[in-house]
Amino acid sequence: MIAFHLDMRSGVPAYLQLVQQVRHAVRMGILRPGDQLPTVKEVVSTLTINPNTVLHAYRQLDMEGLVEGRRGVGTFVVENPQLVPPEGLDALRATLERWVTSARGLGLDDEAMAGLFGEAVRGSSSTGESRVA
Amino acid sequence: MSDSPVVRTLGLGKRYGASWALRDCTLEIAPGSVTALVGSNGAGKTTLLHLIIGLGRPSAGSVEVLGRSPRDEAENVLRDVGFVAQDHPLYRSLSIAETLDMGRRLNPRWDDAYAHERIGRLGMDPGHRVGRLSGGQQAQIALTLALSKRPQLLVLDEPVASLDPLARREFLGGVLEAVAESGVTVILSSHIVSELERVCDHLITLTDGHTQLEGPIAELLARHRLLIGPRADAASVARVHDVIRESHTERQTTLLVRANGHVYDTCWQQHDVDLEELVLAYMGHNPGASFAAPRPEAVAR
């Protein structure tokens, strides 16, 4: 069974932290196909968070094909969870390592690199976020 | 559960003598939401909550709870509303069991099994006198009284202000478990913001009797940005976005803005704003200014 934790200072929305923790647990084999996720009530009790946050996370995981909700029973990891295939991750990791080498060569420290990376991530995810008054 | 708001106010105001404790308050509380009502002491929070539970008549405007006037139709409305007043007043000489018995006799709808089960789960002895319980335990008794009515709306006035951190967690945990179980709508007032972000999904702020911020917390946070950059005039940013707070040092400018669309100017480093910072920025702002965040489409569970 997975135990969730929350870092309210991390800047990552609470529901997304839960999603990431489930993805990680499935990847690591801590959660296996058929395993039940904690009930909404259990998570609310442990973390003192809004139940809608948990529901949001579980709905997202359902949409991603990682879990399925069975009404009246609970939420379970599916038989064939769709995660990013390992080969894809290896290629991404290699690109990232080359980028880090170039950045260090230019004299960037950890913080400067994190700043550049953060801007790039925000730049690509905000296209869905902008609102016109 | 219907989609219509559990609480609706329209231009609601309350005056005591010449001064208005609450003015021009128009808001809606959606079913199943957990709303934080935030403001400094004296800002009008208790006044608003009292009007919602039918204590006192509006001086202006109207308030509806579950579609009805909580004052004029009290008998029909209040059976569905649970209320915990500030400092959770109880009769200190009664035992816990006697207190629950009082609840049973005073309320048309009362789930006695739930009440006793909750007390048992909290590890309390029904024979103990209320006056001998800790603050946290008394708060839990008051909450049990309210929840055992199986209300549709739970109104809590500064429920955790006097409690230690552990008791605060346990109290709020109890409230949230009830939300998870029954979908009860919650309004809780507080002058401390920091803990509310994980518990509440909606926010109303009051300053000097006026609402300033209102809406889903996720939307409010998504709409605001902290911009940090080299010392500059806020004017060019202010042409597109609403500058809520600005501060300058010799070399650096910091702006808290309500963004109208994306902030494209790359000279600004952008940061998320947390709830406490957002509330503080508006509280220091022109009290006449206000913002109600757009509500996303309701998602069926």
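As the structure is a computational prediction, the values presented were derived from the model and not from experiment. Just so it is clear: chains get the letters A, B, ... in the order the sequence lines come, proteins before strands, and each one is counted from 1.
With no hydrogens or angles considered, a side-chain donor-acceptor pair links A:S10 and A:Q17 at under 3.5 Å.
Remark: B:R121 CZ is packed, more than 12 non-hydrogen atoms of other residues, nucleotides or ligands lying under 6.0 Å away.
When atom types are taken as modelled, the side chain of B:H88 and the backbone of B:P159 share a donor-acceptor pair closer than 3.5 angstrom.
Of the inter-residue distances, the one linking B:H202 atom NE2 with B:L27 atom CG reads 11.0 Å to the nearest 0.5 angstrom.
In this structure, chain A has a heavy atom under 4.5 Å from the side chain of B:E181, while its backbone stays farther away. Contacts between A:L47 and chain B at a heavy-atom distance below 4.5 Å involve backbone atoms as well as side-chain atoms.
Counting heavy-atom pairs closer than 4.5 Å to chain A, the top residue among B:V175, B:D201, B:D274 is B:D201.
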